[in-house]
Amino acid sequence: MKKLFWLLDVNSEVREQKPEVWVWGIDDKGQRILIIEQNFPAYFYLVVKDGCSTRSVTAAITTRQTEFPLILKLESVSRKYFGKPVDAVKVYCRSPDVVSKYAKAMAKIEGVKESLEDDIRYAMRYLIDTSASPCSWHEIEVEETSNTRGVQVDKLYTAKSPPERVEEVAFPQLRILGFSIIAYCQRGAPKPDKNPVVIISVAASNGKEQQFIARNSNDKPVLEGFIKCVRDFDPDVIVGYGTNRQDWNYLTARARKHCLKLLVDRASTEPHTSVYGHVSLTGRASVDLFDLADELPEVKVKTLENVADFLGVMKLGKRILPEDIDYATHWEDSRKHPSLVKFSKEKTQSIMGVARAMLDFAIQLSNLAGIPLDHVGTAAVGFRIEWYLVREACKIGELIPKRLERPYIPYAGAVVLEPKPGVHENIAVLDFKAMYPNIMITRNVSPDTYVGSSEPEPSSGVNVAPEVGHRFRKEPSGFYREVLSGLIASRDEIRPKLSKLNPKSPEYRTLDARQKAVKVITNAAYGYTGWIGARWYVKPVAEAATAWGRDIIMSTVNTAKKIGLEVVYSDTDSVFVNNDPSKIAELSEKIVKEVGLEMKPDKVYTRVLFTEAKKKYCGLLPDGRLDIVGLEVVRGDWANCAKNVQERVLEIILKQQAPKKAAEFVRNYIVDLRQKKASYRDLIIWKTLTKPVEEYQVKAPHVEAAKRLMRERYELSMGDKIGYVITLGAGKLYEKAKPYVLASYDEVDTEYYVTNQIVPAASRILSMLGIAEEELLPIAIPKTKTLGDFSK
DNA sequence: GCATGAAAAATACCC
DNA sequence: ACGGGTATTTTTCATGCG
């Protein structure tokens, strides 16, 4: 019978030496199903050397049959590799477990150049070859079987055909469960071997909320309650914050401590760490919203509370914050206990809210990139585009290159022009939309069209990149041209549909998420080719794209000048010119003819201030908002007090054009700061630990602060943000930096904040308007000089 | 031994 | 573990002086 289903997760199993692909889904009736495919073969390729035949390779393998007992069959095939035709032997195996071993051994056979695609995992192979994709609908021929596997589904089927994609925008009703845990310990970070999980708060997409609270710190009933709760609700998606790095491991370890097993998936196995460091729950999608928060660059310190605040889920001022909680006393003190319980509940509510705001995008990205929903957040940008390319490559018969270790060789990027410092009125910003993708499309720049420097020119002719001279075949269309024009076209199809929809409708949300996912993949294509970790790393491709980019933007700047437009700034794909519509129209026309790329007006600034530095400016938009770029205001490593002062200064300068007033504001703020009227929170400086603390070559303030935290038994690792304040005392800055959680306002060195935070941030702007640093400091109260003063 | 300035390390931004 | 270009702060090193 035919079955319509939405693909949720996929995994593979080997049973009695026979491989199986398990496809988990939801059917059109809302039943949770597992479809087992038992006839999908594992395989890899042996590329044959020039001048050798696939026949001789096949014969060589056959004579050594005893070494390779699990070969299913051998097939001679024609494929392409970096655009060039190659002959290969496709080696089918009875088990995915022998693929890598066989490939390694057979690569040494006479006449074999190399093995390929033996590094594509079996379950992924199935998705790629059948064109099935997570988070979308498929139709498949199946046969119902009895559930003898002990899996938690409504129906179990055996696959009788490959799945086929069915275009359908609407999702099934997903059951989503959110949770957060509170572990309790006296000091520092809780350890699962000693410290219990005292509260687990759960919320479900049906609106139900539940809390499991320990009595006398015995967490066994808490864990049992949670496990039962998950199994009873049977969610498709489980969301949390920090689940990959913490919660799942902690819960699994605590369960073991009580001789329990944390069986919360659909196959009665424990959570297990899988590719890209995500924790997998078989048959469900476990999504860690912390990983997805990387998509929100505006949020500098990625706590759940900050993310929820940014997304408008739960405002910071209307909730209990972690810094208000001391786990030890809140757990033990019966009067404070309720606020800890409430805090935990609010965390899970935030998680559900953040999930509602971000899951649509994750689902679309999963579907587009073809990687399971639980991998999407942890897979780096490079891997997301890579899986998309892998699928596209298979469709056109391109073999997938292996991942290689390569040396890093830098190459030239974009041009950035010196801005004309000061305030300018009525400035238009024009830019090339998707400049690098369009360069690659128009010049046919692609890994498979690159003509190496020693190769003869192909008959179709070549496009030659300026400056660097790299050549690219004009015909036929390259892999990248096909992929990128397809992506751009699909985004162009979505846009008009969006404008017809109500932004609050589910269709709009889905399409908007789709459009964003397409954009992410499109924009990653250029950088990917220049990444040494990429399967399709071809440095000349990246180098040619930037060379054409430089050529195009310089032509634009020069043409603008010829027309009589003043160029006040330019960065990569944009030019900032005086807003003269007729000249701008003339420029656009000339440029499209000259370089073949379209340039469009992006925005107009009523007034814009440039500093002397590149990449730092602030524009006033017609609606009165400030567009702040690169300045301290938008940086996460400046204290809030300095950022707030700078923002206010910019506002006074650009809206009221009153530099004196701005200076006065700064002076007044400093007076207040010296009296400690600023909030302690506004004095915290946040910096990221980019490597383990012991690997640092210099003593940096945030690293020393991190070490202090570690002495207090906090667990810190790469990527963590360290919040510290500068305290009073002598010596180097790193000696005075203290984690904000361990310091108090009394010890704060307010003069540091005046001299090294407020004044530089304010002066960055005000020095452009002729205001010296001294004018930003409050006037010292004139006093009669004493003998003591003279004697100094 | 110490002040000074240049270089290196580290981070976060822009596009 | 996508790219290069850029600004900035703090630490560290090198140098010259006395």
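In what follows, chains are A, B, ... by sequence order, proteins preceding strands, each numbered from 1.
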### Message
Rounding to an integer number of Å, can you tell me how far A/Trp536 CH2 sits from C/dA1 P?
### Response
20 Å
### Task
State whether A/Phe610 and A/Lys420 meet the cation-pi test: NZ (Lys) or CZ (Arg) under 6.0 Å from the six-membered ring centroid, and within 45° of the perpendicular axis.
no
### Message
Once you measure the plane-to-plane angle for A/Tyr696 and A/His702, does it fall in the parallel (<30°), tilted (30-60°) or perpendicular (>60°) bin?
### Response
perpendicular
### Task
Quickly work out the A/Lys643 NZ to C/dT9 P distance and round it to whole Å.
15 Å
### Query
Roughly how many Å is it from OH in A/Tyr617 to P in B/dC13, rounded to a whole number?
15 Å
### Message
As a test of reading the structure: which of C/dT8, B/dC14, C/dT11 is closest to the side chain of A/Leu733, going by heavy atoms?
### Response
C/dT11
### Message
Just to be sure I understand the rule, does A/Tyr752 reach a base, reach only the sugar-phosphate, or reach nothing, if contact means heavy atoms closer than 4.0 Å?
### Response
sugar-phosphate
### Candidate nucleotides B/dA10, B/dA12, C/dA7, ranked by approach to the side chain of A/Ala613 - the nearest
C/dA7
### Cationic N near anionic O, under 4.0 Å, A/Glu392 to A/Lys395
yes
### Query
Once you round it to whole Å, what is the distance between C1' of B/dC14 and CG of A/Leu417?
14 Å
### Toward the 5' end of DNA chain C, by each residue's nearest nucleotide, A/Gly527 or A/Val415
A/Gly527
### Query
A/Trp638 side chain: which of C/dT8, C/dG4, B/dA10 is closest?
C/dT8
### Query
Which listed nucleotide (C/dT12, C/dA7, C/dG4) is nearest to the side chain of A/Lys616?
C/dA7
### Query
What is the distance, rounded to the nearest whole Å, between atom OH of A/Tyr734 and atom P of B/dA10?
14 Å
### Query
Is it true that a side-chain atom of A/Ser574 and a backbone atom of A/Leu430 form a donor plus acceptor pair closer than 3.5 Å?
no
### Query
How long is the line joining OH of A/Tyr569 and P of C/dG5, in whole Å?
14 Å
### Message
Regarding A/Arg764, tell me which of base, sugar-phosphate or nothing describes its non-hydrogen contacts under 4.0 Å with the strands shown.
### Response
sugar-phosphate
## Note on the structure
Here the distance between atom P of B/dC13 and atom CG of A/Asp627, to the nearest Å, is 15 Å
### Task
Measure the distance from NZ on A/Lys615 to C1' on C/dG3 and round it to the nearest whole Å.
12 Å
### Query
If we ignore angles and hydrogens, is there a donor and acceptor under 3.5 Å between the side chains of A/Gln515 and A/Asp512?
yes
